[in-house]
Engineer: 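Please see the structure below; I have some questions.
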Amino acid sequence: MNPGFFEREATIVAPQLIGTELYVGGAGGIIVETEAYEPDDPASHSFRGQSLRTRSMFGPAGHAYVYRSYGIHWCLNFVCRPGSAVLIRAVQPLAGLAEMERRRGRNDPLLLCSGPGRLCQALGITIDHDGMSLFEQPFSLKAPAEPALVMTGPRIGISQAIDHPWRFGLQGSVYVSKRFPA
DNA sequence: ATTATGATTCCCT
DNA sequence: GGGAATCATAATC
């Protein structure tokens, strides 16, 4: 995987990220759930233009955009084209289990990295990672050997543009944060 | 199924 | 400067 991978629209990149391995400081696993956000998308932070918070969402592709959600959690996005990003919603844990359980304070494997807030807590993602390159430490990405089987559906937790099927998940995975309708 | 939690942004006055 | 809204989660009903 190379930086050019992210120089496209999030709606294209998001499904292709399913099956990619993501590690932060050695902890992580397989990305099993993503959502796409576009500049002309009312549910996107970039919809009303650049701001202090969304600065990195307009920065170089292949970098991280981290924001605080509901005042409590962090959420990790991969920046694609300017104002376009992929929200990482769930990971199937593979490495660094003990460290992730320690950071989470829990050890239920099905809830360890399932959900954007849990994922960031388990991987130790904070605002410090905002704007960092995904191709440098502590990040590590590894493309899947074969394209994954991807499910699609409407995005979660938004009130605008709810009809766009811009949520993507690994078919059959029990680690997605919410089941995809059959 | 419902609610407490509680930081930051953004949009208005 | 105020107040609603927010890309969730965990605890409680």
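Just so it is clear: chains get the letters A, B, ... in the order the sequence lines come, proteins before strands, and each one is counted from 1. For the numbers below, each heavy atom of this structure counts, side chains included, while hydrogens, waters and symmetry mates do not.
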Engineer: Taking C-beta and beyond as the side chain, do A:His164 and A:Glu38 meet within less than 4.5 Å on heavy atoms?
Structural biologist: no

Engineer: Below 4.0 angstrom from OP1 or OP2 of C:dT6, is there any side-chain N or O of A:Ser159?
Structural biologist: yes

Engineer: Looking at A:Leu94, I'd like to know if its CG atom is crowded, meaning that more than 12 non-hydrogen atoms belonging to other residues, nucleotides or ligands lie closer than 6.0 Å.
Structural biologist: yes

Engineer: Without decimals, in angstroms, what is the distance between A:Arg68 CZ and C:dT9 C1'?
Structural biologist: 14 Å

Engineer: For the pair made of CG in A:Leu112 and P in C:dA10, what is the distance, rounded to whole Å?
Structural biologist: 11 Å

Engineer: Counting just side-chain N and O atoms, does A:Arg106 come under 4.0 Å of either OP1 or OP2 of C:dA11?
Structural biologist: yes

Engineer: Could you go through nucleotides 9-13 of chain B and list every protein N or O atom that sits under 3.5 Å from one of its N or O atoms, giving the distance for each pair?
Structural biologist:
unit_1 : atom_1 : unit_2  : atom_2 : d
B:dC10 : OP1    : A:Ser51 : OG     : 2.7

Engineer: Within the structure provided, determine whether A:Phe5 and A:Leu17 are in side-chain contact (heavy-atom separation under 4.5 Å).
Structural biologist: yes

Engineer: Hey, is A:Tyr70 doing a stacking thing with B:dT5, by the 5.5 Å centroid and 30° angle criteria?
Structural biologist: no

Engineer: Which is more 5' along DNA chain C, the nucleotide nearest A:Gln121 or the one nearest A:Gln160? Just name the residue.
Structural biologist: A:Gln160

Engineer: Could you state the atom-to-atom distance from CD of A:Glu33 to P of C:dA8 in whole Å?
Structural biologist: 10 Å

Engineer: Return the minimal non-hydrogen interatomic distance between A:Ala43 and A:Ile158, and the atom names on each side.
Structural biologist: CB-CD1, 3.8 Å

Engineer: Within a strict 4.5 Å, meaning less than it, do heavy atoms of the A:Leu119 and A:Ile125 side chains meet?
Structural biologist: no

Engineer: Would you kindly give the CD1-to-C1' distance between A:Ile72 and C:dC7, to the nearest whole Å?
Structural biologist: 14 Å

Engineer: Let's test your reading of the model: under 3.5 Å, does the base of C:dC7 pair with the side chain of A:Tyr67 as donor and acceptor?
Structural biologist: yes

Engineer: Of the candidate nucleotides B:dG6, C:dT9, C:dC7, which contains the atom at the shortest distance from the side chain of A:His73?
Structural biologist: C:dT9

Engineer: In whole Å, I'd like the distance from the CE atom of A:Met57 to the P atom of C:dC7.
Structural biologist: 11 Å

Engineer: Give me the atom names and distance for the closest heavy-atom approach of A:Pro116 to A:Leu87.
Structural biologist: CB-CD1, 4.3 Å

Engineer: Would A:Arg118 and A:Asp108 pass as an ion pair if we require N to O under 4.0 Å?
Structural biologist: no

Engineer: As a check on the pairing definition, encode DNA chain B in dot-bracket form, counting Watson-Crick and G-U wobble pairs whose two distances are under 3.5 Å, and using | for partners outside this strand.
Structural biologist: |||||.||||||.

Engineer: Specify whether A:Tyr67 and A:Tyr65 have parallel, tilted or perpendicular ring planes, treating 30° as the upper limit for parallel and 60° as the lower limit for perpendicular.
Structural biologist: tilted

Engineer: Taking any heavy-atom pair under 4.0 Å as a contact, classify A:Arg155: base, sugar-phosphate, or nothing.
Structural biologist: nothing

Engineer: So, is A:Arg118 close to the C:dA10 phosphate, meaning a side-chain N or O under 4.0 Å from OP1 or OP2?
Structural biologist: yes

Engineer: Report which part of the nucleic acid A:Arg104 touches: base, sugar-phosphate, or nothing (heavy-atom distance under 4.0 Å, all strands).
Structural biologist: sugar-phosphate

Engineer: Can you find a pair of side-chain heavy atoms, one from A:Gln50 and one from A:Arg55, that are under 4.5 Å apart?
Structural biologist: yes

